[in-house]
Novice: 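Input: one structure, supplied below.
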Amino acid sequence: IFSGGTSGAVFTGSGTTMTESFNFLSLPLTTSTNGQIRINSNAVFHTYGVTPADKNTFAGVAAGNFTLSGAATNNTGMGASSLASLTDGAQNAAFGVSSLSSLTDGSFNSAFGYSALAGITTGSNNNTAVGYNAGQALTAGDSGNTLIGAGEGISGDINTIRIATQTAQLCYVGGID
């Protein structure tokens, strides 16, 4: 169902293919009931924000939510449940199922991978995590971390760089002792 206030298109039927042509699809400002693209009653795409200038974009079942504050701007969540708990925070990027899913208040976080940075909640800023479950162990206030690899990160990490799994024996980076 495409819904957009008083105008919109509703596709129904039991056929295997439905085709409709549009020059563009114009939706109203996203609210909890309008301005969304839904599949089987699940919002799969929306741009919820307090004002149109907030520039938030969410794609995936339960990505983002409809309780953001005016300070929640320029956030992007792609993947089911990405940025699902966010209420306040700016310029977060979450790509992957459940990435940054518990973050309520934090900014400048980048998560790429299934459940990347899924455990951080509030006051966590400037983290970058790449990989399956990367940074999943980080929690409230853990900030300034760069984590690359499956399951990287330990609760309490601040301004820490971790590469590879926690069981890795060696890491060589040119110019660093």
Novice: Using a 3.5 Å distance criterion without hydrogens, assess whether the side chain of Ser115 forms a donor-acceptor pair with backbone atoms of Ser98.
Specialist: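 No, Ser115 side chain to Ser98 backbone: no donor-acceptor pair under 3.5 Å.
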
Novice: Less than 4.5 Å apart, side chain to side chain, heavy atoms only: is that true for Thr121 and Leu103?
Specialist: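 No, their side chains stay 4.5 Å or more apart.
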
Novice: Quick one: CG on Asn56 to OH on Tyr48, what's the gap to the nearest 0.5 Å?
Specialist: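 Taking CG in Asn56 and OH in Tyr48, the distance rounds to 10.0 Å.
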
Novice: How long is the span from the CD atom in Gln136 to the OG atom in Ser99, to the nearest 0.5 Å?
Specialist: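 Gln136 CD to Ser99 OG: 11.5 Å, rounded to 0.5 Å.
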
Novice: Looking at Gly141, is its backbone amide N or carbonyl O close enough to the side chain of Ser124 to form a donor-acceptor pair, meaning the two atoms are under 3.5 Å apart?
Specialist: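 Yes, Ser124 side chain to Gly141 backbone: donor-acceptor pair under 3.5 Å.
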
Novice: Are Gln91 and Ser107 close enough that some pair of their side-chain heavy atoms sits under 4.5 Å apart?
Specialist: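 No, too far: nothing below the 4.5 Å cut-off.
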
Novice: By ring-ring contact (aromatic ring centres under 6.0 Å, His included), which residues pair with Phe95, not counting sequence neighbours?
Specialist: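 Testing Phe95 for ring-ring contact (aromatic ring centres under 6.0 Å, His included), a comparison that skips the adjacent residues, returns Phe112.
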
Novice: Which distance, rounded to the nearest 0.5 Å, do you find between the OG1 of Thr146 and the CG of Asn127?
Specialist: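 One gets 8.0 Å once the value is rounded to the nearest 0.5 Å.
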
Novice: Quick one: closest heavy-atom pair of Phe58 and Gly64, and the distance?
Specialist: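 For Phe58 versus Gly64, the nearest heavy atoms are CD2-CA, 3.4 Å.
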
Novice: With rounding to the nearest 0.5 Å, note down the distance linking CD1 in Ile158 to OG in Ser143.
Specialist: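 If I round to the nearest 0.5 Å, the distance is 6.5 Å.
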
Novice: Any non-hydrogen side-chain atom of His46 less than 4.5 Å from a side-chain atom of Phe66?
Specialist: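 The answer is yes, as the side chains (C-beta and beyond) meet within the 4.5 Å cut-off.
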
Novice: Check this for me: Ile148, atom CD1, are more than 12 non-hydrogen atoms of other residues, nucleotides or ligands nearer than 6.0 Å?
Specialist: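 More than 12 heavy atoms, drawn from other residues, nucleotides or ligands, come within 6.0 Å of this atom.
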
Novice: Please tell me if the side chains of Thr57 and Met78 come closer than 4.5 Å, counting only heavy atoms from C-beta onward.
Specialist: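 Side-chain contact under 4.5 Å: yes.
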
Novice: What is the minimum heavy-atom distance between Ser85 and Ser101, and which atoms define it?
Specialist: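 Shortest heavy-atom contact: OG-O, 2.8 Å.
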
Novice: As an exercise, state the distance from CG of Leu83 to CG of Asn109, rounded to the nearest 0.5 Å.
Specialist: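 It comes to 9.0 Å.
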
Novice: Passes side chain to side chain donor-acceptor pair (under 3.5 Å), Asn145 versus Asp157? Steps please.
Specialist: CA-CA 7 Å; Asn145 299 296; Asp157 277 352; 5.5 Å; no

Novice: Just jot down the ring-ring contact (aromatic ring centres under 6.0 Å, His included) partners of Phe108, sequence neighbours excluded, or say none.
Specialist: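 ring-ring contact (aromatic ring centres under 6.0 Å, His included) list for Phe108, sorted by chain: empty.
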
Novice: For residues Leu86 and Gly106, report the shortest heavy-atom separation together with the two atoms involved.
Specialist: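 Looks like CD1-O, 4.5 Å.
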
Novice: List the steps, then state whether side chain to side chain donor-acceptor pair (under 3.5 Å) holds for Thr47 with Thr30.
Specialist: CA-CA 6 Å; Thr47 59; Thr30 299; 3.2 Å; yes

Novice: Are any of the side-chain heavy atoms of Leu147 and Val130 separated by less than 4.5 Å?
Specialist: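 No - every pair of side-chain heavy atoms lies 4.5 Å or more apart.
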
Novice: Could you pull out the closest heavy-atom pair between Gly49 and Leu29, with the gap in Å?
Specialist: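 Looking at all heavy atoms of both residues, the shortest contact is O-CD1, 4.4 Å.
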
Novice: Which label fits Tyr114 and Tyr132: parallel for a plane angle under 30°, tilted from 30 to 60°, or perpendicular past 60°?
Specialist: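 Ring orientation, 0 to 90° scale: parallel.
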
Novice: With sequence neighbours left out, write down each residue that passes side-chain contact (heavy atoms from CB on, under 4.5 Å) with Thr67, or none if nothing qualifies.
Specialist: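 Partners of Thr67 under the side-chain contact (heavy atoms from CB on, under 4.5 Å) test: Asn65, Thr87.
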
Novice: Testing Thr139, Thr104, Asn125, Leu100 one by one against Ile120 for a side-chain contact (heavy atoms from CB on, under 4.5 Å), which residue passes?
Specialist: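 For Ile120, the side-chain contact (heavy atoms from CB on, under 4.5 Å) test succeeds with only one of Thr139, Thr104, Asn125, Leu100, which is Leu100.
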
Novice: As an exercise, state the distance from CG of Leu117 to CG of Asp142, rounded to the nearest 0.5 Å.
Specialist: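 One gets 9.5 Å once the value is rounded to the nearest 0.5 Å.
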
Novice: List the atom of Ala111, the atom of Ala116, and the distance in Å for their closest heavy-atom pair.
Specialist: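 In this case the closest contact between Ala111 and Ala116 is CB-O, 3.5 Å.
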
Novice: Gln36 side chain to Val44 main-chain N or O, any donor-acceptor pair under 3.5 Å?
Specialist: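 Checked: no pair found.
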
Novice: Is the backbone N or O of Ala84 less than 3.5 Å from a side-chain atom of Ser81, with the two atoms forming a donor-acceptor pair by type?
Specialist: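 Not confirmed, Ser81 side chain does not pair with Ala84 backbone.
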
